[in-house]
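Structure first, commentary second.
We count ligands from 1, going down the list as the structure has it; atoms in each ligand are counted the same way. All residue numbers in this chain count up from 1 along the given sequence.
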Amino acid sequence: MKCYPVPRENLVLSIDNLKDDIPEEYLSHKECYENVIRKGSVLYDIFSELSKDRKHKAHQAPSNAYRISDGIMQNVNPFLLHFALFVPAITNQATPEQQAEFLKHGFGIIGTYAQTELGHGTFLRGLETTATLDLETDEFVLNSPTLTSYKWWPGGLGHTANHCVVMAQLYVKGKCHGPHLFFVQIRDIETHEPLPGLKLGEIGAKMGFNTADNGFLGFHNFRIPRNNMLMKNSQVLKDGTYVESKNEKLTYGSMVFVRVYLLSDMAYMLARAATISVRYSAVRHQSHIKPDEPEVQILDFVIQQHKLFISIATSHAFKICGLWLWQTYSKVMEDIGKGSMDRLPELHALSCCLKTTSTRDAGWLIEQCRLACGGHGYLMSSNLPSLYTTATAAITYEGESTVLLLQTARYLIKSWKRAMEGESLPATVSFLSEYFNKRYNKWENTPKGIVDGLKLVVAGVTKMCAESIQKHVSRGQQYEEAWNSSSVQLIKASEAYSRALLCEVFWFEVDKVSSTLSNNLAVVLKQLAELYITYWALEKRGDLLVYTTISKDDLDKLQERYEELLALIRPNAVGLVDSFDIRDEILCSTLGAYDGRVYERMMEHALKSPLNAETVNQSFHKYMKPVILKHKI
Ligand SMILES: CC/C=C\C/C=C\C/C=C\C/C=C\CCC(=O)SCCNC(=O)CCNC(=O)[C@H](O)C(C)(C)COP(=O)(O)OP(=O)(O)OC[C@H]1O[C@@H](n2cnc3c(N)ncnc32)[C@H](O)[C@@H]1OP(=O)(O)O
Ligand SMILES: Cc1cc2nc3c(=O)[nH]c(=O)nc-3n(C[C@H](O)[C@H](O)[C@H](O)COP(=O)(O)OP(=O)(O)OC[C@H]3O[C@@H](n4cnc5c(N)ncnc54)[C@H](O)[C@@H]3O)c2cc1C
């Protein structure tokens, strides 16, 4: 058996079998998949050895592994769902005995998380796949009663995974108990053939994520042992007794895990885009500022700084907030382990709005980085297009953005009502009570003043939503209709809440640690945090004018300070992206390589195009020449 010493980035990235002779963009859909399975299998082998060598918790690839695989895969790893959802779902939702049983083969199985169906992705209570208890055989019978009930989208489901965790409506003695999770083998371990009673395949080409092997799965009277229902939170006993969960939403717990993780993942996606575009902007000379001087680095254009420095700052904001949210998640999971669900609604609300804002911001900011690189940003070899299509998928997967913002809005409205009744609120929403009791300060042009102002916007919009709902109810609408009628404002409340959270956590976490940092580092980090907060104060100036005592003069001063910060950051801009420390083999960009040899790398990459293997392509003689000669005058 091949034995890998503990891999370091250098070692993994030096494995020849992980290099591409032909850039991925020149491979067919099928070749792309086969190529990524080739590379993914080498990595999977390394992770397996690593988990043995390093006593890693079973099946958890080391966190830096994702960063290495990002470089090797360039696109998406078809084994991603195994680590991101399949294993976490089992460790989060199965009993210890079940975990030992289901994961006894260690890396010998490859799983995915099969929840979304052709007909339902958001509304989980509407999922159609059924799992019906057969008391006589002590089994569940899985069925896909309609075409729309086919599982559709799960990553790795088409041709990679041999197991999955399936979400299905649980039926016991004719009664439906709602969505539950089941451990299901779908392919033979030896032959990899689909097991009898299953219809499996991949869903076809997508705008990105094309190596994720997203698939479809249909069940036809497919039997699994009763013990294959994940039974940590709810159970079905041998006699058919159903023991319900302390909180039925615990079944949705695996999605919270990934939503929390995505904040950090987006920090990394943005760090890559910022590294590429800032380095390129330092190399690219174009146009003049002073007519009698040479062409300047485009990074000297203030508007270029305005386009790019927000991405540097946002990457740090997401990294720091991601750590804060992860600590909150870990604490809530610990509480749940002790039987307390009190903070679960708060964690759900936080993870929903922060996942949404981080994925949406990563999307438009990566696009802004691409556009700031002109035509060369449009080349696949820049890696900016792939970063964009990969990042923007996250706006939809793991909870579609609008739907998740409405979940946070639900929590804000409930918290507002509690504030009106004088109840104490968790720290993350206590400002609602302050606002309700008219305890807030006049505007201050400071980072803290801006954070307080953004919170006033949240409180003001939340109050407006509550009044809108009440107005529609008083006009005869049911509450749910009134909710729907007010949903445009409800989304605004959640968006404002998410922005206020990001600004507050970023500023105060940086402020908290700055005394422990070298003076220079503290100064630069505070400049980034202040830039982030001031950027969003200016973006949201309309709301601040409506809900706070900010004046036109205050806004003019903020604009001036913002431009000062751009100038202060400019000398450190390249150093700041270098400090993301993303090596060329992982950055995969002709524009962003550390040595700055942009034009040479662009030409080297262009010559790898199969079209450049010959000076005249055969299509000239086959198609063009007859037409040209026919019409030649
Ligand atoms: C380790 C490295 C990892 C990763 C690296 C990188 C990438 C990420 C990895 C993988 C990404 C690739 C693929 C993505 C995979 C997927 O997409 S999986 C499928 C994702 N699908 C969804 O997210 C579905 C979204 N829909 C829902 O969650 C629910 O349908 C809903 C919440 C919208 C509605 O649920 P309902 O049951 O109808 O509830 P409701 O009637 O609206 O009531 C809401 C109440 O329920 C509480 N609640 C809802 N959800 C949760 C939850 N998750 N946790 C806790 N509580 C929840 C909510 O608080 C409300 O409570 P009330 O007190 O107000 O009643
Ligand atoms: C790249 C990618 C990978 C994926 N990987 C997986 C995977 O591994 N496993 C898995 O199970 N799933 C996966 N998914 C599926 C993903 O989780 C779903 O696409 C997502 O949950 C959204 O559901 P939907 O596609 O049915 O959209 P819908 O829910 O149908 O949404 C369509 C539109 O309707 C709106 N809408 C829906 N409900 C409401 C509401 N209550 N109020 C207001 N508007 C509403 C939405 O805002 C949206 O604009 C993946 C998806 C993608 C794109």
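- Shown here is Lys206, whose NZ atom has more than 12 heavy atoms of other residues, nucleotides or ligands within 6.0 Å.
- Of the polar atoms of Tyr113, none of the N or O atoms is found under 3.5 Å from an N or O of ligand 1, judged by distance alone.
- Using a 4.0 Å cut-off between charged nitrogen and carboxylate oxygen, Lys463 and Glu467 count as a salt-bridge pair.
- At most 12 heavy atoms of other shown residues, nucleotides or ligands fall within 6.0 angstrom of atom NZ in Lys319.
- Contacts between Leu81 and ligand 1 below 4.0 angstrom, taking non-hydrogen atoms only, involve the side chain exclusively.
- With a 4.0 Å cut-off on non-hydrogen atoms, Leu404 does not touch ligand 1 at all.
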**Request:** Carefully, step by step, assess Thr211 and Asn77 under the rule side chain to side chain contact (heavy atoms under 4.5 Å, CB included).
**Result:** CA-CA 7 Å; Thr211 51; Asn77 185 340; over 6 Å; no
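- Partners of Gln185 according to the side chain to side chain contact (heavy atoms under 4.5 Å, CB included) rule, which considers only residues two or more places apart in sequence or in another chain, are His163, Ile189, Leu195.
- Here's the thing with Leu124: one of its N/O atoms is less than 3.5 angstrom from an N/O atom of ligand 1.
- Not one N or O of Tyr397 is nearer than 3.5 Å to an N or O of ligand 1, by distance alone.
- Sorted by first and then second residue, the salt bridge (charged side-chain N to carboxylate O under 4.0 Å, His left out) pairs involving residues 326-342 (not counting sequence neighbours) are Lys331-Asp335, Glu334-Lys338.
- Glu495 and Lys492 are not joined by a salt bridge, as no carboxylate oxygen comes within less than 4.0 angstrom of a charged side-chain nitrogen.
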**Item:** Derivation and outcome, side chain to side chain contact (heavy atoms under 4.5 Å, CB included), residues Thr462 and Phe436
**Value:** CA-CA 11 Å; Thr462 302; Phe436 177 71; over 6 Å; no
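- Among His348, Glu248, Glu400, the residue whose heavy atom sits closest to atom 50 (N) of ligand 1 is His348.
- Per-residue contacts place Lys414 under 4.0 angstrom from the following atoms of ligand 1 (heavy atoms of the residue considered): 62 (P), 63 (O), 64 (O), 65 (O).
- Only the side chain of Asp265 comes within contact range of ligand 1, with a heavy atom under 4.0 Å; no backbone atom does.
- Counting atoms of ligand 1 from 1 in the listed order, those under 4.0 Å from a heavy atom of Val403 are 33 (C).
- Of all atoms in ligand 1, listed by their number and element, those nearer than 4.0 Å to a heavy atom of Val258 are 8 (C), 9 (C).
- Distances below 4.0 Å separate heavy atoms of Met255 from the following atoms of ligand 1: 20 (C), 21 (N), 22 (C), 23 (O), 24 (C).
- Under the side chain to side chain donor-acceptor pair (under 3.5 Å) criterion, the residue pairs touching residues 346-355 are Arg343-Glu346, Glu346-Thr428, His348-Gln407, with sequence neighbours excluded.
- With a 4.0 Å heavy-atom cut-off, ligand 1 is reached by the side chain of Tyr261 but not by its N, CA, C or O.
- When heavy-atom distances to ligand 2 are checked against 4.0 Å, the residues falling inside are Leu81, Tyr113, Gln115, Thr116, His120, Gly121, Thr122, Trp153, Pro154, Gly155, Phe209, Asn214, Ala393, Thr396, Tyr397, Glu398, Glu400, Thr402, Val403, Leu406, ordered by chain and number.
- Of the options His120, Arg125, Glu346, Arg259, the smallest heavy-atom separation from atom 28 (O) of ligand 1 is shown by Arg259.
- Taking the six-membered ring where tryptophan is involved, the planes of Phe79 and Tyr44 are tilted, since the angle between them lies from 30° to 60°.
- Residue Gln115 touches ligand 1 through its side chain alone, judged by heavy-atom distances below 4.0 Å.
- No more than 12 heavy atoms of other residues, nucleotides or ligands sit less than 6.0 Å from atom NZ of Lys246.
- In this pair, Phe182 and Phe140 present their aromatic rings perpendicular. The plane angle is above 60°, beyond the 30 to 60° band.
- Annotation for ligand 1: atoms under 4.0 Å from non-hydrogen atoms of Gly121 are 24 (C).
- Ligand 1 places these atoms under 4.0 Å from at least one heavy atom of Arg410: 40 (P), 42 (O), 43 (O), 44 (C), 60 (C), 62 (P), 64 (O), 65 (O).
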**Request:** List the steps, then state whether side-chain hydrogen bond (donor to acceptor under 3.5 Å, both in side chains) holds for Tyr33 with Thr160.
**Result:** CA-CA 10 Å; Tyr33 172 72; Thr160 310; 2.8 Å; yes
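- Below 3.5 Å of separation, one finds no N or O of Ala84 facing any N or O of ligand 1.
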